[in-house]
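Contents: one structure, followed by commentary.
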There are 2 protein chains.
Amino acid sequence: MKKQETITVVDVAKKAGVSKSTVSLVLTNSNKVSEKSKRKVLKAIEETGYVYNRDAASLRSRRSNLVAIVINDLTNPYSTQLTVALEQQIRSIGMFAILVSSGESVEQQSELIQRLEEYKVSAYVICPAPGTSPDFLNGLVDKGRLVINIMREIQGAKVSTIIPDNVSGTYMSTNLLIKKGYKNIAFLGGNESISDYHQRLAGYNNAMHEHFQDDALTQVIQSNTTRDGGRKGMKELLNQSPNIEAVVCFSDVIAYGAIEYMKEQQIKPGVDIGIIGFDDLKDSQLMSPALTTIHIDENQIARAVCQELMDANSNARNKVLVGVDLIERSSC
Amino acid sequence: MKKQETITVVDVAKKAGVSKSTVSLVLTNSNKVSEKSKRKVLKAIEETGYVYNRDAASLRSRRSNLVAIVINDLTNPYSTQLTVALEQQIRSIGMFAILVSSGESVEQQSELIQRLEEYKVSAYVICPAPGTSPDFLNGLVDKGRLVINIMREIQGAKVSTIIPDNVSGTYMSTNLLIKKGYKNIAFLGGNESISDYHQRLAGYNNAMHEHFQDDALTQVIQSNTTRDGGRKGMKELLNQSPNIEAVVCFSDVIAYGAIEYMKEQQIKPGVDIGIIGFDDLKDSQLMSPALTTIHIDENQIARAVCQELMDANSNARNKVLVGVDLIERSSC
DNA sequence: TTTTATTTTTGGAACGTTCCAATTATTGTG
DNA sequence: CACAATAATTGGAACGTTCCAAAAATAAAA
């Protein structure tokens with residue numbers, strides 16, 4: 001056990017022949033430091049092997065560059081895809097993401113955030129658990145935190161919200177099915193507790209009502225948002241309506257489950273029954289039949305989030321609807 | 001914009017009628033503080049709404065309760081399953097996980113860790129990217145960090161390692177196939193750059209050589225560790241050996257891909273060709289046919305990690321082989 | 001009771017940074 | 001060149017906690 005002498009700004013300053021204040025200015029890359037001193041300091045940092053101490057910085061300056069990503073459920077493939085993108089983009093703008101998973105529970109979510117407060121995180125990027133109250137989020141905002149909702153909307157919360165254009169997505173996909181001649185088209189999966197369910201369902205309903213007067217054609221089956229949920233939902237759907245022609249799924253994962261069940265029943269997805277997903281997971285283009293779906297660009301969402309992070313001072317809280325694309329493949 | 005008066009230990013102390021030192025003692029729940037003062041302090045904390053400032057604490061005490069989880073690839077379902085377990089268990093022992101993804105790149109991994117050093121993380125739980133050098137890890141250890149490798153082993157690194165008993169796993173699964181009368185059994189998926197590949201392959205080889213003299217029966221196909229990798233690998237395997245009878249897969253994901261390809265080719269998995277996975281992902285028991293596989297208990301791994309975190313002072317670096325279970329279902 | 005041992009409590013220094021107000025160096029102007 | 005204006009640099013205080021050594025309170029022993 002050797003004694004570790006920590007190298008501080010003072011050591012760097014001594015080596016560079018400037019004051020510690022100047023070193024600090026360089027570290028926070030202020031523009032009011034001459035090129036010459038900057039070079040000297042940078043060189044000294046290199047030579048001494050100095051490591052910045054964020055704890056000290058954050059303590060004194062009363063702000064950190066820590067961003068908490070509070071995700072509802074890391075087990076969901078789209079969530080992880082989005083999380084990875086978020087984490088990288090946040091890192092690229094000089095901040096750091098600390099990631100936690102609420103497991104879809106409001107209690108765990110609030111306990112988590114309470115503990116995160118001790119770390120003086122400056123912003124929360126949060127996909128709120130079902131039942132999150134606007135007051136809870138507003139409380140954080142009042143304490144001076146920047147709060148950005150992603151994927152899900154909480155009505156009445158004074159926070160920025162970044163979500164895919166869900167309504168357009170299912171509107172497009174349902175329209176595609178209609179154009180292809182399908183009539184008995186069902187909406188499968190998801191449930192009322194999450195805002196995106198309502199939006200995706202709305203897109204489906206809009207398209208259906210626009211083309212058919214007959215309300216009997218629309219059919220909605222709710223389910224868990226898991227593969228197994230999709231499988232069970234598909235079973236239920238086939239029992240209720242054996243003559244179903246196509247299915248608009250709440251998500252790709254739901255579609256995977258539905259397809260699995262179809263195959264078991266010797267029903268050919270894409271041939272006997274058309275099917276469309278939502279999310280465009282990596283696997284969707286590789287499976288067979290390749291899944292027609294709505295593509296959400298997670299990098300675009302991540303970029304929008306970073307935009308908000310960087311505009312933190314502007315108090316405007318806006319809502320960004322990230323555009324989605326219909327990706328036609330062979331499942332319908 | 002109201003001015004935020006931060007409540008500090010001094011305020012709490014004043015309210016409780018004790019000194020700030022006593023409050024500090026309570027906060028770090030030291031045992032050398034009387035029950036009476038402890039109650040008073042706790043009450044005062046409650047009343048004042050005091051929030052602990054970890055930055056100040058960490059700055060002064062020169063230790064943090066931050067643990068970095070450096071995961072190779074969050075996109076992999078087993079990784080996320082494990083990560084979620086780790087994050088929760090770490091939280092339950094009073095520490096906090098900060099999660100980053102190296103994307104299987106040593107460069108990104110080392111850049112990441114360099115930045116994490118600024119946050120004074122006290123331990124790294126790391127699933128090392130392929131090609132990670134022992135020296136790199138040892139460097140961290142020498143700087144006083146606790147380093148715990150999970151899932152993958154780096155020979156020569158003086159760190160604790162917690163991995164599933166890979167060899168036993170594939171030994172058991174291969175044996176099961178042999179007992180069921182299969183003979184032409186292949187090993188599918190994974191590649192040499194990762195240590196678990198060698199171990200799982202060894203288990204397969206052990207079992208095969210134990211029962212058959214004929215080396216021609218063993219067959220190994222490498223692939224990416226993705227669903228698509230499994231699909232392509234299975235295709236290659238069927239081309240090379242159309243008379244293959246069963247497949248031991250490197251992972252469940254590989255098995256998913258292989259099964260997908262079989263179904264496309266009108267081959268019935270579990271009937272025409274037996275197949276076994278490794279990991280026991282959540283989906284594996286729900287799919288059809290339900291996948292026979294080797295169960296790794298992620299909570300057990302997480303617990304072992306926490307054990308190491310808590311025994312941090314003991315300098316012993318040990319290797320924990322977490323037991324695995326053969327889960328018989330209907331895919332063979 | 002006095003003395004000794006043990007348990008609790010305490011104020012001041014310290015951790016490594018940024019902020020602030022003041023000082024010094026540099027540039028521009030007539 | 002003198003003077004003002006601006007740019008760059010600086011030392012000391014401050015952020016909120018834990019550590020430390022010493023003091024005070026309590027318990028045990030004589």
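The chains referred to below are lettered A, B, ... by the order of the sequence lines, with proteins before strands, and numbering in each begins at 1. Since the model is a prediction, treat every value here as computed from it, not as a measurement.
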> Is any side-chain N or O of B:Ser61 closer than 4.0 Å to OP1 or OP2 of D:dT17?
Replying inline: no

> To the nearest 10 degrees, what angle separates the axes at the start and end of the helix from C:dT1-D:dA30 to C:dG30-D:dC1, five pairs each?
Replying inline: 30°

> Can A:Ser37 and A:Ser34 be counted as having a side-chain donor-acceptor contact under 3.5 angstrom?
Replying inline: yes

> Excluding sequence neighbours, so at least two apart, what forms side chain to side chain donor-acceptor pair (under 3.5 Å) with B:Ser195?
Replying inline: none

> What is the distance, rounded to the nearest whole Å, between atom CZ of B:Arg62 and atom P of D:dC19?
Replying inline: 11 Å

>> Going by side chain to side chain donor-acceptor pair (under 3.5 Å), name the residues that satisfy it together with B:Asn72, two or more places apart in sequence or in a different chain.
In response: B:Glu104

> So, is A:Thr6 near the phosphate of C:dG16, with a side-chain N or O under 4.0 Å from OP1 or OP2?
Replying inline: yes

> When the distance from OH of A:Tyr119 to P of D:dT17 is rounded to whole Å, what number comes out?
Replying inline: 14 Å

>> Going by salt bridge (Lys or Arg N to Asp or Glu O under 4.0 Å), name the residues that satisfy it together with A:Lys319, two or more places apart in sequence or in a different chain.
In response: A:Glu153

>> Once side-chain contact (heavy atoms from CB on, under 4.5 Å) is applied, do any residues pair with B:Ser21, and if so which ones, sequence neighbours excluded?
In response: B:Ser19

> Strictly by modelled atom types, are B:Asp73 and B:Tyr78 linked by a side-chain donor-acceptor pair under 3.5 Å?
Replying inline: no

>> Contact list please: residues 44-55 of chain A against DNA chain D, heavy atoms, distance less than 4.0 Å, in numerical order.
In response: none

> Residues two or more places apart in sequence or in another chain: which of them pass side chain to side chain donor-acceptor pair (under 3.5 Å) with B:Thr161?
Replying inline: none

>> Once side-chain contact (heavy atoms from CB on, under 4.5 Å) is applied, do any residues pair with B:Ala123, and if so which ones, sequence neighbours excluded?
In response: B:Val67, B:Leu146, B:Leu309

Between protein and nucleotides 7-10 of chain D, what N or O pairs are separated by less than 3.5 Å?
unit_1: D:dT9; atom_1: OP1; unit_2: A:Ser34; atom_2: OG; d: 3.0
unit_1: D:dT9; atom_1: OP1; unit_2: A:Ser37; atom_2: OG; d: 2.3
unit_1: D:dT9; atom_1: OP2; unit_2: A:Ser34; atom_2: N; d: 3.1
unit_1: D:dT9; atom_1: OP2; unit_2: A:Ser37; atom_2: OG; d: 3.4
unit_1: D:dT10; atom_1: OP2; unit_2: A:Ser19; atom_2: N; d: 2.7
unit_1: D:dT10; atom_1: OP2; unit_2: A:Ser19; atom_2: OG; d: 3.1
unit_1: D:dT10; atom_1: OP2; unit_2: A:Thr22; atom_2: OG1; d: 2.8
unit_1: D:dT10; atom_1: O5'; unit_2: A:Ser19; atom_2: OG; d: 3.4

Please list every donor-acceptor pair under 3.5 Å in which a side-chain atom of residues 26-33 of chain A meets a protein atom from a residue at least two apart or in another chain.
unit_1: A:Thr28; atom_1: OG1; unit_2: A:Ser24; atom_2: O; d: 3.0
unit_1: A:Thr28; atom_1: OG1; unit_2: A:Leu25; atom_2: O; d: 3.2
unit_1: A:Ser30; atom_1: OG; unit_2: A:Lys32; atom_2: N; d: 3.0

> With A:Leu112, which residues qualify under side-chain contact (heavy atoms from CB on, under 4.5 Å), at least two apart?
Replying inline: A:Val100, A:Gln108, B:Arg91

>> Looking at A:Arg60, I'd like to know whether one of its side-chain N or O atoms comes within less than 4.0 Å of OP1 or OP2 on D:dT17.
In response: no

> How would you list, by chain and number, every residue that makes a side chain to side chain donor-acceptor pair (under 3.5 Å) with A:Asp196, sequence neighbours excluded?
Replying inline: none

